[in-house]
Amino acid sequence: MDQIDLLQGLNEQQIAAITAPPTATLVIAGPGSGKTAVLTRRVAYLVGQLGVPPYQIMAVTFTNKAAREMQERIQRLLGQQINGLTIGTFHAICARILRREAAHVGISPSFTIYDTEDQLSLVRMALAELGLDEERSAPRRFLSAISNAKNELITPEAYPRGNFNDRQVAQVYERYQALLSAAKALDFDDLLLYCVALFRDHAAIRRDYQARYAHILVDEFQDTNTAQYELVRLLAGAQGNPFCVGDPDQSIYRFRGADYRNLARFRSDYPHAKLILLEQNYRSHQIILDAAMAIIDKNPDRVRKRLYSTRRDGAKIVLKQLSDDDDEAQYVVWTIREAVQQRRYAYRDCAVMFRTNAQSRVLEETFVRAGVPYKLIGGAPFYSRREIKDLLAYLRAIQNPSDDVSLRRIINTPPRGIGKTTLAKLEEWALARNQSLSDALGALRSGQPSPFSGKALGALESLAAMLDVWRNLRDSMPIGVLLGDVLDQTDYLKYINDGTPEGRERLENVQELLRVAEAQGDKPLALYLEEIALLSDVDTQDDSGDHVVLLTLHAAKGLEFPVVFIVGLEEGLLPHAQSLEDEEQLAEERRLMYVGLTRAKDQLYLTWTLRRVGYGGGLGERTLASRFLEDIPPELTVGSPVPKRSASAAFTARSSDDRALPPRPAWRLPTTSQPAAPRPELPPRSANISTSSLYRSGQRVYHDRLGPGVIIASRFVDGDEELDIRFEKHGLKRLFASIAPLRMLDDE
DNA sequence: AAATTTCCTCTTTTT
DNA sequence: GAGGAAATTT
Ligand SMILES: Nc1ncnc2c1ncn2[C@@H]1O[C@H](COP(=O)(O)OP(=O)(O)OP(=O)(O)O)[C@@H](O)[C@H]1O
């Protein structure tokens, strides 16, 4: 096979980056400028032109899928198979290193990787042990505090204890780590943390790895957190030549500790680093780029970048205001179908992006009804289904007898007569014997005196017997056979297939899992479990097949599509309600919008609605167009005018909005199931609700007893308006507008 | 003592 | 529209 000329068709700066001499190098460039392309070609260049052995190269990508694509791309560029490259996400690479070096950091080489759900259940246990379980939302809050600390490399001992809250977190953090360690498990953050500790505390090992990985390349560097940054520095060494590419305007993972200032930090840690800027955009035409620039330029404290494309002309951005989320979904589906019928695009050229996963539901329903093929990325991925997690918990419990979280999950699933009391007793007994639940279970079988009644004892013993058999078979049996045996012995299929349609679906999911497991052949169980644990949402997406792609804005990072829809451009959604308070978070919402816009090659559609159905159903809340829409120069757009937020805030009657829409929009899909009346109209107005639309989310109010607060949400229940209000002193309350003694406060 | 049902809160983004 | 906790039934 012939090698493609690596530098053909590239611009000067791109070539400079690809062929940069081996010193620390930082490529900062806007979207679509070929950052990923450059990084990929540099790897190919190192191997193909400079003769660097592949095993000396580590390339870090943001997802496993990106890693796979990079590997393939490099092989295509070089015209041959290349073995030995280390390409993967930080987490995957760290997991691999830790399996090998476990002993040096005091962990088991067969550690289990805990996901967020497992983490939460550990936090719950920790809280219960410490007697801190009063609040319902506490576990999540503690977990996020703990995770933030870990991302900053702060150990439980080093956690600040300045105030009561800190001291509580520190306590829980400490217990949480102890529970993890007892379960021989690591959470996602630990993968990074232990790797950093490994290299920081063991000079000899560090030198070995530094010598091996002469070339370290990192994509999406703006979304690294402190632990990841530290890892790069430790692995590269002070004299090393890390090659990092990123765009500070595309940093969108602050919530999990990412900090785009790592780009600046890199420059100060490597003062001699070569800085390369790529200026030309090869993805989008100028209209899209002008809009994107207009959005991002409003962010404070940034270096302005010009985005330049040789494609000066292109379709204007289509803005579309819809009456509600149903209409929005129908508009999207109709528009895509039109484009495909007219042969302008294939389904796979189109992507629909949204801020929150919850928004995908309405879209999915509409795609199904219209018979338009689609693939949803993320959301409720296969591996997070209940039935799948149950079975994986069996496998994990077989693999790792210390894994108490998994054992608790399966101990009475399917129900086998082991209830709360028995579980509590078992826990107490195990604790007294200083054993894991599984080990205690095993001890039970050998006739140890125990506190259990005959019935409970029988149930426990039979589970213990099964686990014993499986553990003995583990290494001699392919995963598929093992899983088949678990299904047989536990009668799991009968348990989930209850005759309902949901039951059938669960059954199919399990059968699918069995097929996947059987396809693993003789792969060690531990490895299979690790792969599953580190799967990301985009990873499960295969690009073959012709379907529209539905995905969150976060998942869209790094991707590109000819046609992009961004839906739900409303205040409270984008920017998200949770981000409105904080300047930094608001800036990140803006970057999210920017990332979305710059995914489009040819055509952008931006939609928003006047009313969106909220959580509990009902008629939904009124919504306002996103502030970001106002920042796009009108000459770049066609379609609905963007309503001024200040003006629309003065609306009091909702009916006028609804009448403004054509009674039967041209783009409404004919539906067989619900022909004439497409969706419930608003209830007839009566006197007692004429004042109701005074309240909208964001409005500040004063309650005679509860004091000042802010409206979070409003919906209609039995003709009255029900308000969710967050009071400064009393937290979230749900009140009826008609009876609550409320006054509105002026904004600003 | 276990199983089932009802209640109730919470709902951003994810390796 | 889930998932955990409490209440209720078996
Ligand atoms: N010199 C070039 N000539 C033609 N096409 C190019 C050139 N460089 C990059 N491209 C194309 O531009 C597109 C964007 O490239 P790439 O995804 O590498 O950009 P990026 O900077 O990583 O983008 P983002 O930051 O948005 O992820 C790709 O389709 C790529 O093939």
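Order of the sequence lines sets the chain letters (A, B, ...), proteins ahead of strands, with each chain counted from 1.
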Figure out the [atom1]/[atom2] separation between [X] and [N], and round it to whole Å.
X         : N       : atom1 : atom2 : answer
Lys420(A) : dG4(C)  : NZ    : P     : 14 Å
Leu423(A) : dA2(B)  : CG    : C1'   : 13 Å
Arg141(A) : dT11(B) : CZ    : P     : 10 Å
Lys425(A) : dA1(B)  : NZ    : P     : 6 Å
Glu117(A) : dT11(B) : CD    : C1'   : 15 Å
Ile418(A) : dA3(B)  : CD1   : C1'   : 14 Å
Asp582(A) : dT13(B) : CG    : P     : 18 Å

Query raised in the report: So, the side chain of Asn64(A) versus the backbone of Leu534(A): is there a donor-acceptor pair under 3.5 Å, distance only?
Result: yes
Query raised in the report: Of the candidate nucleotides dT15(B), dT14(B), dT12(B), which contains the atom at the shortest distance from the side chain of Gln585(A)?
Result: dT12(B)
Query - Short side-chain N/O contact to dT14(B) OP1/OP2 from Asn357(A), under 4.0 Å - result: yes
Query raised in the report: Any side-chain N or O of Thr422(A) under 4.0 Å from OP1/OP2 of dA1(B)?
Result: no
Report summary line: So OG1 of Thr36(A) and CZ of Phe62(A): to nearest 0.5 Å the spacing works out to 12.0 Å
**Report entry** salt bridge (charged side-chain N to carboxylate O under 4.0 Å, His left out) pairs, two or more places apart, involving residues 410-427 of chain A
**Finding:** Arg408(A)-Glu427(A)
Report summary line: Between Asn151(A) and Thr226(A), the two heavy atoms sitting closest are O-CB, 3.3 Å
Query raised in the report: Planes under 30° and centres closer than 5.5 Å, is that true for Phe255(A) with the base of dT13(B)?
Result: yes
Requested in this report: Could you check whether His91(A) and the base of dT15(B) form a stacked pair, meaning centres closer than 5.5 Å and planes differing by less than 30°?
Outcome: no
**Report entry** Ser579(A) or Ala533(A), whichever maps to the more 5' nucleotide of DNA chain B
**Finding:** Ser579(A)
